[in-house]
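Reading through the structure tokens given below for one structure.
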Amino acid sequence: MKELPKIYEPQKVESEIYARWEASGFFQPEAGQHLADNPDTRETYCNILPPPNANGELHIGHASGYTVMDIFGRYNRMNGKKTLLLPGKDHAGIQTQVVFEKKLQTELGITRQELGRQEFYKKTYAFCLDRANYMRSQEKKIGISADWSREKFTLDPDVLSSALQTFVKMHEDGLIYKGKRIINWCPRCGTALSDVEVLHKDTPGKLYLIKYPLENSDSTQGGLKEFITVATTRPETMLGDTAIAVSPKDERFKTLVGKNAILPLQNTIIPIIADHRIDLAFGTGAVKITPAHDPLDWEIGRDHNLAEIQIIDEKALITEFGGKYAGMTTHEAREAVVKDLEKLNLLEKIEDLAHSVSICERCKTTIEPLTSKQWFIDVQTLKQKAITAIENGEIEIFPNNFKKILIDWFGNMRDWCISRQIWWGPQFPVWYRPKADQPRAGCTDDDMEMYVGLTPPEGAGWVQDENTFDTWFTSGQWVHTTLQAHGDDFKTFYPTDMMITGRDLLFFWASKMIMMSLYATGKVPFKNLFFTGLVLDKEGHKFSKSRGNGIDPLTMIDKFGADALRMSLIMDSAPGQDSRLYEEKIETFRNFANKLWNISRYCLTQEGFELVEEISNEDLKTESDSWIIRKLDENIFEINKLFERKQIAVAADILKTFTWNDFADWYLEINKIEKNQKVLGYVLDKLLRLWHPFMPFITEQIWTLAQQEKMLMISSWPKTLIWNENNEVNPNKENSQWNEVTIRGYNVIESNLKPMITALRNIRAENKIESNKKIRIVINGNINAVQEIEKTNQAEIIMSLRTGVEFISYNQPEAGLKNMLKRTVGTYTLLVDLTGAIDTEKETAKAEKEIANLENFIAGLSGRLSNQEFVSKAPTQVINQQKETLTKKQAELAELKKHLASLT
RNA sequence: GGAUGUGUAGCUCAGCUUGGUUAGAGCAUUUGCCUGACAAGCAAAAGGUCAGAGGUUCAAAUCCUCUCACAUCCACCA
């Protein structure tokens with residue numbers, strides 16, 4: 001037997017273990033046929049891993065997600081399923097472009113424009129591959145059992161062509177259109193953004209009240225308004241106003257609707273219109289309409305046939321239509337416009353107003369709404385199909401309440417703008433050339449021939465559309481495109497079983513995957529959709545670079561081990577629920593790993609110890625053997641149930657309690673007195689298997705030290721001996737035998753031995769009996785029961801188990817016992833000889849407190865049992881159980897009262 | 001404005017789907033221990049009207065309604 005160090009040192013073994021797993025080939029689903037009786041009909045389990053953005057490194061959120069994915073993956077693999085966890089990386093269009101541009105700027109001092117589009121694309125590609133390599137090494141450190149031979153990148157030609165085919169098909173089906181609409185424009189990134197890529201930030205601002213003179217108004221006469229006052233937060237946009245709108249219900253302006261006003265500064269005539277979308281309670285009730293630069297104005301403009309005048313360009317500068325303000329930034333223009341209005345005495349007042357400003361999700365620049373020609377997906381039918389699939393339960397969502405959120409969101413989803421004007425990303429598979437009779441230069445779209453297809457059409461002069469795809473267009477197809485790229489994988493694994501992603505990607509990604517895969521394949525991409533919460537710091541803040549509160553997963557792995565990090569990420573958290581992470585928390589799981597290590601260290605150093613796969617009734621020699629086997633069985637049963645419900649945190653929690661509080665604290669200690677290597681070997685064998693999905697490294701290491709030939713990662717998941725899936729003892733004979741054999745020992749340990757020992761320890765501690773002082777005890781009870789203690793070797797355990805008992809006598813008449821402390825334990829009375837060391841006052845107080853406690857409890861219980869309604873309506877099982885408890889507690893109470901009397 | 005989540009021990013959180021044991025864990029605290037694997041440990045203890053109010057029920061931390069507090073998301077913001 002190899003010498004085991006006192007402390008488990010993950011740093012020394014983890015990378016070697018991972019290398020062994022990888023070399024074994026068992027990360028690949030094709031391997032491991034031996035796990036099933038019939039390899040050809042093996043059930044499958046597939047989880048396409050969410051591809052992290054290939055532009056940086058892993059953060060703690062990735063580590064958290066990967067841990068959950070790997071736990072389910074390993075669990076299913078051990079359950080004999082043909083298991084595939086397919087890894088990959090995302091090119092992450094805008095985000096990567098922003099990151100890489102910054103890098104270019106700081107390292108080389110150049111812009112992407114200076115580099116040129118082609119060169120920029122090439123360099124970014126290389127950058128992504130480099131980052132992907134680094135990130136892959138990080139992912140391995142977390143222990144993820146993914147099939148690296150199938151790893152994919154969203155821009156891999158095979159994956160990409162599947163995704164682009166979907167575009168072509170959608171175009172043929174009329175689900176894609178190119179149109180001039182108002183979109184979110186990021187002036188820094190130089191691209192359109194979809195609604196979800198825009199953040200809203202509450203900012204203090206100003207509301208400007210501007211007077212627009214009425215056309216032909218008579219300024220000298222009363223009765224008629226001379227001006228109409230509008231309210232705006234963006235005065236500079238008035239340069240592009242083409243109307244003023246009021247609510248049709250607004251009595252104040254009724255007479256003005258249909259008349260015209262004069263747009264100050266531009267001196268153009270604009271109509272006053274009525275529209276139901278105007279809130280008469282806000283501002284002055286009259287709104288200036290700038291169709292080219294505001295989403296609502298755009299809609300109103302479209303419905304009233306208003307002209308769109310673009311006065312802000314794609315660099316957020318005022319255009320030639322802005323007259324003398326042309327060339328200014330929007331900020332400069334605002335100041336100038338306000339100053340000029342003041343001079344004209346047209347600025348009524350400026351009020352403070354809190355409102356939210358739209359900013360670019362990636363670079364935080366203020367968004368300019370612009371009208372622009374972009375590609376859109378018509379989502380009407382797609383989203384309906386997604387909603388139907390979710391409602392029909394084709395996708396089960398964890399936690400369940402996210403189902404409603406997702407359905408509601410789909411309901412309000414607007415057409416999806418999929419074109420971006422960035423350079424990093426796949427270009428549209430669309431080609432143009434001027435119609436034959438058109439001059440080459442100065443063509444508009446209408447003068448062009450357009451062709452949609454994966455490869456350029458025959459003939460000369462075709463130029464590819466310069467737009468690139470929204471990242472979510474390709475990543476939204478990740479599930480089916482990755483599988484389609486490899487042999488029969490699509491046929492074998494689709495629809496996949498599981499998708500695990502952060503709840504922050506609900507709208508961005510989860511929704512797109514469901515729509516896109518449903519369209520492309522006719523089936524849902526996954527049967528289960530599991531959301532993890534966000535990982536927060538100790539104060540409940542998000543981790544962020546600016547806050548500097550990040551916890552680097554690699555540093556933590558280095559310090560505490562991958563298993564400890566994994567445990568700390570999944571414990572104490574429910575699906576979709578945020579959780580907090582901090583070093584002390586990881587440390588407690590490092591400590592637990594060490595506990596498991598030392599448990600194994602004890603077992604492995606026992607004479608003739610080995611891991612035992614199967615056990616029979618005859619191997620149970622003592623009550624404690626029966627107890628631990630039954631307890632283990634209960635735990636396996638519960639854990640299986642919890643895995644089905646995706647409650648892995650609870651599963652790990654009860655397993656931890658069993659491992660530490662039952663197996664280590666009690667069984668191992670008893671085992672030192674009553675050796676039974678077979679049971680020891682059986683329980684440790686099961687523990688290692690059960691812990692493997694959660695803590696793969698340490699369990700595999702111990703497994704190896706126990707000289708197992710096969711690897712733990714492909715060993716089979718433990719089965720219960722006693723219970724069936726209905727939480728009943730299986731009627732089959734073997735199971736009921738196990739039930740009979742174990743139940744007595746279970747009761748003996750749980751209700752007699754453990755409480756008796758605890759009571760003794762308690763008495764010693766409370767009475768401050770020195771640790772080396774031996775005590776004598778008397779155990780009273782009915783004759784049979786007392787004989788039982790002797791027969792089942794409990795006496796020896798009591799005397800040996802750090803209770804300092806040197807002599808036990810049985811059934812002594814209490815009258816003759818002076819100075820004895822008394823405790824009622826189960827059906828026994830325990831008397832402890834303290835030879836005058838009793839602190840009577842303290843003991844009296846304790847007894848009184850305990851009596852009060854018991855009386856209270858008994859009152860409640862007997863009240864319930866004498867309640868006719870309870871007796872007639874509650875299930876008999878519950879009634880019997882409570883009757884039993886009542887009898888027990890009444891006996892205890894009587895004993896306690898006697899004890900109290902003897903004290904005073 | 002709409003939605004969702006959270007509120008349980010000093011702190012961080014499980015448990016609630018499916019109501020039934022005197023409500024659990026870790027950290028922190030008090031006390032005693034280097035006891036045969038583990039001081040990253042062992043043992044004993046203290047600490048909670050399960051946010052508040054009402055309801056359903058024989059029975060509520062758990063189901064329903066309302067209120068309060070906090071958080072997040074979505075929409076609007078002229």
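Below, chains carry the letters A, B, ... as their sequence lines are ordered, and counting in each starts from 1. Just so it is clear, the values below take in all heavy atoms, side chains as well, and ignore hydrogens, waters and symmetry mates.
- One finds a side-chain N or O of A:Q647 lying less than 4.0 angstrom from the OP1 or OP2 phosphate oxygen of B:G15.
- Atoms CG (A:D408) and P (B:A75) sit 13 Å apart, rounded to a whole Å.
- By the 30° and 60° cut-offs, the orientation of the rings of A:Y667 relative to A:F663 is parallel.
- Pairing for B:U65 goes to B:A53, judged as Watson-Crick or G-U wobble with the two contacts each under 3.5 Å.
- Counting non-hydrogen atoms under 4.0 angstrom, A:Q577 reaches the backbone sugars and phosphates but no base.
- Within 3.5 Å, no donor on the side chain of A:R580 pairs with an acceptor on the base of B:U12, nor the reverse.
- A salt bridge links A:D303 with A:R277; the closest basic N to acidic carboxylate O contact falls under 4.0 Å.
- At a threshold of 4.0 angstrom between heavy atoms, the contacts of A:A874 include nucleobase atoms, whether or not backbone atoms are also involved.
- Using the Watson-Crick or G-U wobble rule with both distances under 3.5 Å, B:G20 pairs with B:C58.
- Residue-level contact check: A:L861 touches neither bases nor backbone, having no heavy atom under 4.0 Å from any strand.
- We find that A:D537 and A:R580 are not joined by a salt bridge, their nearest charged nitrogen and carboxylate oxygen being 4.0 Å or further apart.
- A close approach under 4.0 Å does occur between a side-chain nitrogen or oxygen of A:W660 and OP1 or OP2 of B:C42.
- Across all strands shown, B:C38 forms no Watson-Crick or G-U wobble pair with both distances under 3.5 Å.
- A salt bridge is defined here as a Lys NZ or Arg NE, NH1 or NH2 lying under 4.0 Å from an Asp or Glu carboxylate O, and A:R590 with A:D563 fails to meet this definition.
- Base contact: A:P875 has a heavy atom under 4.0 Å from a base atom.
- Across all strands shown, B:U72 pairs with B:A3; the Watson-Crick or G-U wobble distances both stay below 3.5 Å.
- For A:K6, the side-chain atoms get nearest to B:A39 when compared with the rest of B:U4, B:U31, B:A39.
- Between the NZ atom of A:K889 and the P atom of B:U21 there is a distance of 13 Å, given to the nearest Å.
- The nearest whole Å value for the distance from the CG atom in A:D578 to the C1' atom in B:G5 is 9 Å.
- Within the nucleic acid shown, A:R503 comes within 4.0 Å of sugar-phosphate atoms alone, with no base atom in reach, counting heavy atoms only.
- Residue A:S600 places no side-chain N or O under 4.0 Å from the OP1 or OP2 atom of B:A37.
- The phosphate of B:A43 has neither OP1 nor OP2 within less than 4.0 Å of any side-chain N or O from A:R802.
- Taking 4.0 Å as the cut-off between side-chain N and carboxylate O, A:E584 and A:K538 count as a salt-bridged pair.
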